[in-house]
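Every chain is numbered from 1 and lettered A, B, ... according to where its sequence line falls, protein lines coming before strand lines.
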2 protein chains.
Amino acid sequence: MARVGDEGGTAGPARSAGVKDVAARAGVSLGTVSNVLNRPDRVSARTRERVEQAMAELGFVRNESARLLRAGRSSTLAYVMLDATNPFFTDVAQGIERAAEQADLSLFLCNSDQSAERERVYLTRLQEQRVQGVLITPVDPDEPLLDEVVRQGTPVVIVDRVRDVDSHCSVAVDDVLGGRLAIEHLVDLGHQRIAFVGGPERIGQVRDRRRGAQAALADAGLPADALVEVRTEALTVSEGRNAGERIAGMPSATRPTAAFCANDLVALGLLQSCVGLGLRVPDDLAIVGFDDIEFAAAAAVPLTSVRQPRGQLGRRATELLLDEATNPDHRHEQVLFTPELVARASTRRS
Amino acid sequence: MARVGDEGGTAGPARSAGVKDVAARAGVSLGTVSNVLNRPDRVSARTRERVEQAMAELGFVRNESARLLRAGRSSTLAYVMLDATNPFFTDVAQGIERAAEQADLSLFLCNSDQSAERERVYLTRLQEQRVQGVLITPVDPDEPLLDEVVRQGTPVVIVDRVRDVDSHCSVAVDDVLGGRLAIEHLVDLGHQRIAFVGGPERIGQVRDRRRGAQAALADAGLPADALVEVRTEALTVSEGRNAGERIAGMPSATRPTAAFCANDLVALGLLQSCVGLGLRVPDDLAIVGFDDIEFAAAAAVPLTSVRQPRGQLGRRATELLLDEATNPDHRHEQVLFTPELVARASTRRS
DNA sequence: TTGTAGGCGTTATCAG
DNA sequence: CTGATAACGCCTACAA
């Protein structure tokens, strides 16, 4: 079968030129081309130029598959995100990207969009592509495929979740402490009846943040029923709105004077619907969110929130991943960052 | 050199088993394993099970590089995003993802983060990986590498930008019309002095949206200086805040009564700082954004915005890409969607 | 169904 | 620097 490399300089839509086409065109040996590509120093400047010119003329594009087939492992990382439309995760992704770039690795983002099935598909593909490593915020940290993947030799770091077992590195934030901070802040402001807005129960964060909230209430000497449960089906803006309607609908005598939301999306939805229904924030209802996404600060009533070091999370996770990928006596590590309360107008004392 | 496949069922951390290991373990021929993988119907149910079990036991993971080396083209798409932290683009990405999934293709997201350099790196890598095709919202639609990539045989569709030349398919929204809609709405409400908030100039959208705004003003019989330029350095929330401070600082006699922002991020920042500085929205300043991201509707003063069909953009772009990748007599197409004004409280007549 | 052979494009090695 | 050659792991085809 005919190959490429004929038709003069008038760059025809050639069907992919290979190293040997380049060699032929430059009038050098195949090995030399390879050297230009991989050890440019071993080749005289003049021949190198000739080769490079030939590459340009032919529109040579390295075939990564072939390269990889020999090399064994690619130089890309992947982050399998739980929800690409949640700014929290895109900020984490940005932290990862920066760290990856420094290590001269490319990052591919994959969006599982909360689907365990899609998550599995991505994990499998990434494995098949022999990526250097995978960062993931899993739908379920106990997903067995995660262990499978490491067993087959692809490092995996879990981001923003923790696992009891230490088969992976993980990087997360102390959610229990975060819950504490939120409630302590509200109690300091004099609130004695506080809604906890979040769900579903299966999300570990929701449980932990509530746990911290309960502990803080107890420490403050308030009864357990000072925390009013307002359940959501998901941690989304629209569920937040929904919860807001329920809260606004309560008789003002029993209505909580403050709400602690399991994340900022919920808090923003809540804020919107409460304001829309005539509640004043923070006077009638103080609101605390969680994550401190950029839109929390940018709300028309800027939102008090528990800040997670989003970029840091990504950066540290990447460091752990790279260590696992390159350091033969790597030890798994569970990093826990400390959250921080950022007070804004949504809880301002009036 | 010794290979794998010994040590009993107790899944040791084997160093990657290949098809022939599987064949040996299952006691079948290599060809049969390959058939199980690629044409399961050609193999009896019983042998197939045996093979599948062997795969499971050995933790066999297909080597995509080898597969690809033969196949020529992978079954993944990539979307090179301009800014992964802008919800507009993540919504577009979601549309792409859905369409890709239907076609049984995986999608990798790459974030150029407005850097032409990073964009180039990604494009090159994707080409090297022989992806089926690339969707991209480019930093600069005239980037020559884009043409290079198509010439080498990788289909490219441009998303949310247009190019004069028709060397690619593209999908975008009529920004000039969008600008018109925004201004017509404000003029209908009686505004006669309107700020246009956006920049930098090099962004095509900014120019087009302003152009539409100017045209609408002219049609309404208002003088050109009814549109007050408020420049930003970027289309971000913080630049929006900045612009807000400048507007709020104007003497109320000459201050515009309304602002049309080049996107929602700017609008949200503007909204926040104006409210913070004591301006009432919409009474003292009406605000219109562009994109209609979810957070626009969720603002405490819900934002009027020019909606782009974000998911549709992604979906249509993917369809074009697939056509280009598979249909031999594909014709490039420039799709232009029609935007739509969504009126909310930030322009409500008081 | 079985074996086996050849090739995908790149890299590495080794003697000249 | 050349030229030749052997991997890398998988897929297809072909003859049994």
Review point. For A/Glu52, what residues pass the salt bridge (charged side-chain N to carboxylate O under 4.0 Å, His left out) criterion, not counting sequence neighbours?
Key: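 For A/Glu52 there are no salt bridge (charged side-chain N to carboxylate O under 4.0 Å, His left out) partners, ignoring immediate neighbours.
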Sequence neighbours left out, cut at 3.5 Å: what donor-acceptor pairs do the side chains of residues 62-71 of chain A make with other protein atoms?
from: A/Arg62; atom 1: NH2; to: A/Asn38; atom 2: OD1; distance (Å): 3.1
from: A/Asn63; atom 1: OD1; to: A/Ser65; atom 2: N; distance (Å): 2.8
from: A/Asn63; atom 1: OD1; to: A/Ala66; atom 2: N; distance (Å): 3.2

Practice item. Write down the atom of B/Pro138, the atom of B/Arg161, and the distance for their closest heavy-atom approach. Key: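 Answer, listing the atom of B/Pro138 first, then B/Arg161: CD-CG, 3.6 Å.
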Review point. Are A/Arg151 and A/Glu148 within salt-bridge range, i.e. N to O under 4.0 Å?
Key: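 Salt bridge flag = yes for A/Glu148 with A/Arg151.
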Review point. Just checking, any donor-acceptor pair under 3.5 angstrom between side chains of A/Arg125 and B/Ser75?
Key: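 Judged by distance alone, the side chains do pair up.
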Check your understanding: Between the side chains of B/Thr318 and B/Tyr79, is a donor N or O closer than 3.5 angstrom to an acceptor N or O?
Key ->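 Short answer, no.
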Check your understanding: Got a sec? Which of residues 42-50 of chain B come in under 4.0 Å of DNA chain D, heavy atoms?
Key ->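 Within residues 42-50 of chain B, no residue comes under 4.0 Å of DNA chain D.
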Nearest-angstrom distance from the residue atom [atom1] of [X] to [atom2] of [N]:
| X | N | atom1 | atom2 | value |
| --- | --- | --- | --- | --- |
| A/Arg73 | D/dC8 | CZ | P | 16 Å |
| A/Arg39 | C/dT11 | CZ | P | 10 Å |
| A/Lys20 | D/dT5 | NZ | C1' | 12 Å |
| B/Asn63 | C/dG9 | CG | C1' | 14 Å |
| A/Asp21 | C/dT10 | CG | P | 9 Å |

**Study point:** ring pair (Phe, Tyr, Trp, His ring centres under 6.0 Å) partners of B/Phe108, counting only residues at least two apart
**Key:**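 For B/Phe108, the residues satisfying ring pair (Phe, Tyr, Trp, His ring centres under 6.0 Å) (neighbours in sequence not counted) are A/Phe108.
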**Study point:** Those residues of residues 64-71 of chain B lying under 4.0 Å from DNA chain C by at least one heavy atom
**Key:**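 Hits under 4.0 Å, by residue number: B/Leu69, B/Arg70.
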Point to revise | Residue closer to the 5' end of DNA chain C, A/Asn35 versus B/Val28 (nearest nucleotide) | key: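 Closer to the 5' end of DNA chain C: B/Val28.
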Check your understanding: A/Leu30 or A/Val33: which one's nearest nucleotide on DNA chain D is closer to the 5' end?
Key ->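 The residue mapped nearer the 5' terminus is A/Val33.
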Review point. Under the side-chain hydrogen bond (donor to acceptor under 3.5 Å, both in side chains) criterion, do A/Gln127 and A/Thr154 qualify, and how do the steps go?
Key: CA-CA 7 Å; A/Gln127 235 189 134; A/Thr154 303; 5.1 Å; no
Practice item. Just grab all the ring pair (Phe, Tyr, Trp, His ring centres under 6.0 Å) pairs involving residues 312-332 of chain B, residues at least two apart or on different chains. Key: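 Those involving residues 312-332 of chain B are B/His330-B/His332.
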Check your understanding: What does A/Asn38 touch in the nucleic acid at a heavy-atom separation under 4.0 angstrom: a base, only the sugar-phosphate, or nothing?
Key ->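 Touches sugar-phosphate only.
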